[in-house]
Amino acid sequence: MSSDHVQSAERPATATDAAARPSSAEAPFLELLARGASVDAYEQPVLLARADGRAAGLIAGLEHAKTLALRVRSELEGRRRREAELSALFETAHDLAGLRDLDAVLQAIVQRARSLLGTDVAYLSLNDPARGDTYMRVTEGSVAARFQQLRLGMGEGLGGLVAQTARPYVTDNYFRDERFEHTVTIDSGVRDEGLVAILGVPLMLGHRVIGVLFAADRRARIFEREQIALLGSFAALAAAAMDTANLLTETRSALADLERANEIIRDRSGVIERASDIHDRLAELVLRGGGVHDVAAAVSQVLDGAVEFTETDTAPTKALEASRVEGHAVRHQEDWVAAVSAGGELLGALVLRGRPGLDPVDQRTLERAATVTSLLLLARRSAAEAEQRVRGELLDDLLDARDRDPRLLRERAARLHADLDATHVVLAARLDGRTADADEEAAARRRLWSAASHLAGTRQGLAAARDGGTVLLLPLEPRDTATDLARRTAAQLAAAVHEEVTVGASAPVEKPAVRPEALVAAYEEGRRCLDALRLLGRTGDGAAAEDFGFLGLLLAGDRDIGGFVDRTIGEVVRYDERRGTDLLRTLDAYFACGMSPARTKDDLHVHVNTVAQRLERVGQLLGEDWQEPARVLEVQLALRIRRLAAPVRR
């Protein structure tokens, strides 16, 4: 039988195989090497040749080729194994170089050792100098809880022998080996795990054993020299990992101590810097005319908290009074309150939110900020009072000194950011609270004047105390009316002084600087509207002459008759002009006939339905309430004024 026939015993031959297959004795073994066959498969070509009765020379050649092939296979297996071992060692070294978690690195070492040695279990124990024994640190492949929790006395078991001699030890049958000390605890744990063959190598730091790395099987096994050396390499890496971890721990501890020392230094330095910083910031705020909210913002940054200025009526009463009496910031629940006062007068408070633990330096900083805030408030009050007086003097000059130069008046107004070339409205305001105490009444009038002056300042207008009340000259915004401005001003002043304020408004005045007589008349008109509101029981409201219907003719300074007629029946007039209808004539007849549709139709010589339709159209134009008594009076007066004002036809 040829070598071709030997090969064919393993698989069916094809024509291509027959042409390509080598005829030498080595051919079948080369194919076995190429596909990585098992050791047993290398006997098959020899057995087939003998079964076929091939020549002895051929069989001897096959035996020789088999021996060579097995040697090559062994060499290849060894190289692959060493490559895997080197790769595992490299990966472990890489893990060690990037050490972040010691347990993870030790777990990886034990896992790789078990995998490369092909054992059932691998584990690592470490010495505990404090307790004088050894404990399990990492296990891989273990299934027995008691084994995983073993603690071994020094010198006990196979691990004790390894630790004592600082050399690797191996046993192919643990329970029959008498070279080391057996104990009930250790033997019970090993028996629970079912281990038989165990290899242990020491973990060394210098000349000191710190633990043992084990590989074990649940059957009898002989560990080869290369496997012992490999486990020793893993043990060296594990020891290096432990050493690195210890160094890292010591370094971190030293760094932590250094950081704590630095924190103390930084804290003291920070206190000094904060005090200096707040001093500089507050000084700068005072110099550049900052406000109380600027102070609160600056202190918030320095104290790293929320500081806000609150009015006296919104601050915690007891804490505020305690701070004023003691002259220091006081704690209120989770906050700190520092009174802002001047000459015994409480002006408000600075409140630091959510900082219950405040050191003395920061507390002093809050108190200093409260002092600066009181100075700023006093300065602002003085400036405001001065500006209010200037605004009042200018308005008094406009109302009293009619011969003043308009150019000079404009310049004075411009310095107060007021534009006297714009359209303005004169507003007469008065408090409606009654008090028997003359001092209280005078104080109330001062509050009204102060509130009106503040409002005038924000609206680029003027205000002055006059005739027991306050007069304001405010610009009229586009699409705004004198009535709207009066009502809005009454509401704003009432909110400021916490009392009802009644406001009468004049008709709009254009360029008041050059029309002093119009301004005086407007003031008188505003006062008449104010008196009318009070007589009608509409205190706390605001209105202009146009709001009083025909009564407005008596109140208005310029007797705007045409405006009254237009406001009252203007829609009907324009409807007749556009449509050529007779609604005005129908209204005249309707009122002349005592508001009787039946008599009206006779007077107009039309059907009663026509009268009804015309009156319905009037209601659509004038509003559904046009036949109410007050409206009827206004409509009749407007009709009569229009008829009297019409040119006489000849």
Side-chain angles (χ1 to χ4, degrees), residues 89 92 102-103 105-107 109-110 112-114 116-117 119-142 144 146-218 220-247:
L89 290 172
T92 304
L102 177 62
D103 287 335
V105 174
L106 295 179
Q107 188 70 47
I109 289 173
V110 173
R112 289 165 185 160
R114 179 193 176 207
L116 290 175
L117 270 66
T119 58
D120 297 323
V121 183
Y123 52 98
L124 184 148
S125 67
L126 292 179
N127 296 345
D128 187 349
R131 296 183 55 171
D133 62 2
T134 300
Y135 65 96
M136 291 288 189
R137 177 67 181 267
V138 181
T139 64
E140 179 66 23
S142 172
R146 182 159 55 174
F147 179 78
Q148 297 169 15
Q149 299 169 5
L150 273 179
R151 296 191 73 95
L152 295 72
M154 291 295 186
E156 297 176 352
L158 178 63
L161 184 61
V162 173
Q164 280 183 339
T165 62
R167 295 175 56 190
Y169 270 87
V170 61
T171 178
D172 57 355
N173 193 318
Y174 175 83
F175 291 101
R176 294 180 183 177
D177 199 326
E178 300 297 333
R179 292 176 299 170
F180 47 83
E181 180 184 352
H182 287 266
T183 67
V184 175
T185 302
I186 299 174
D187 287 356
S188 298
V190 173
R191 189 175 287 108
D192 286 353
E193 195 63 56
L195 301 181
V196 177
I198 303 176
L199 166 63
V201 296
L203 275 67
M204 305 289 295
L205 278 182
H207 299 290
R208 182 167 57 93
V209 178
I210 63 171
V212 180
L213 179 60
F214 298 89
D217 256 344
R218 296 187 175 94
R221 170 177 176 171
I222 301 298
F223 287 96
E224 299 175 358
R225 184 182 305 168
E226 292 84 356
Q227 293 173 323
I228 297 173
L230 176 62
L231 193 62
S233 298
F234 278 118
L237 289 173
M242 295 291 298
D243 190 32
T244 302
N246 291 335
L247 289 174

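With sequence neighbours left out, the salt bridge (Lys or Arg N to Asp or Glu O under 4.0 Å) criterion links R131 to no other residue. Partners of F214 according to the ring pair (Phe, Tyr, Trp, His ring centres under 6.0 Å) rule, which considers only residues two or more places apart in sequence or in another chain, are Y123. Partners of Q107 according to the side chain to side chain contact (heavy atoms under 4.5 Å, CB included) rule, which considers only residues two or more places apart in sequence or in another chain, are Q111, V138, E140. Every residue two or more places apart in sequence or in another chain that forms a side chain to side chain donor-acceptor pair (under 3.5 Å) with R179 is listed here: D177. Contacts of T134 classified as side chain to side chain donor-acceptor pair (under 3.5 Å), with partners at least two apart in sequence or in another chain: N127.
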Quiz: residues 160-167 side-chain donor-acceptor pairs under 3.5 angstrom, not counting sequence neighbours:
unit_1: T165; atom_1: OG1; unit_2: L161; atom_2: O; d: 2.9
unit_1: T165; atom_1: OG1; unit_2: R167; atom_2: N; d: 3.4

Result block: side-chain N/O donor-acceptor pairs under 3.5 angstrom for residues 183-191, not counting sequence neighbours:
unit_1: T183; atom_1: OG1; unit_2: I186; atom_2: N; d: 3.1
unit_1: D187; atom_1: OD1; unit_2: Y174; atom_2: OH; d: 3.1
unit_1: D187; atom_1: OD1; unit_2: H182; atom_2: ND1; d: 3.2
unit_1: D187; atom_1: OD2; unit_2: H182; atom_2: ND1; d: 3.3
unit_1: S188; atom_1: OG; unit_2: V184; atom_2: O; d: 2.7

Could you tabulate the donor-acceptor pairs under 3.5 Å formed by side-chain atoms of residues 192-201, not counting sequence neighbours?
unit_1: D192; atom_1: OD1; unit_2: R146; atom_2: NH2; d: 3.2
unit_1: D192; atom_1: OD2; unit_2: R146; atom_2: NE; d: 2.7
unit_1: D192; atom_1: OD2; unit_2: R146; atom_2: NH2; d: 2.7
unit_1: E193; atom_1: OE1; unit_2: S142; atom_2: OG; d: 2.6
unit_1: E193; atom_1: OE1; unit_2: V143; atom_2: N; d: 3.3
unit_1: E193; atom_1: OE1; unit_2: A144; atom_2: N; d: 3.1
unit_1: E193; atom_1: OE2; unit_2: V143; atom_2: N; d: 2.8
unit_1: E193; atom_1: OE2; unit_2: R218; atom_2: NH2; d: 2.7

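Among residues at least two apart or in separate chains, there is no salt bridge (charged side-chain N to carboxylate O under 4.0 Å, His left out) pair with a member in residues 227-242. The ring-ring contact (aromatic ring centres under 6.0 Å, His included) pairs that include a residue from residues 150-169 number zero, where partners must be two or more places apart or lie in different chains. Pairs passing the salt bridge (charged side-chain N to carboxylate O under 4.0 Å, His left out) check and including a residue from residues 149-166, sequence neighbours excluded, read D128-R151, D133-R151. Within the structure, every pair that satisfies the side chain to side chain donor-acceptor pair (under 3.5 Å) test and touches residues 208-217, not counting sequence neighbours, is listed here: D217-R221.
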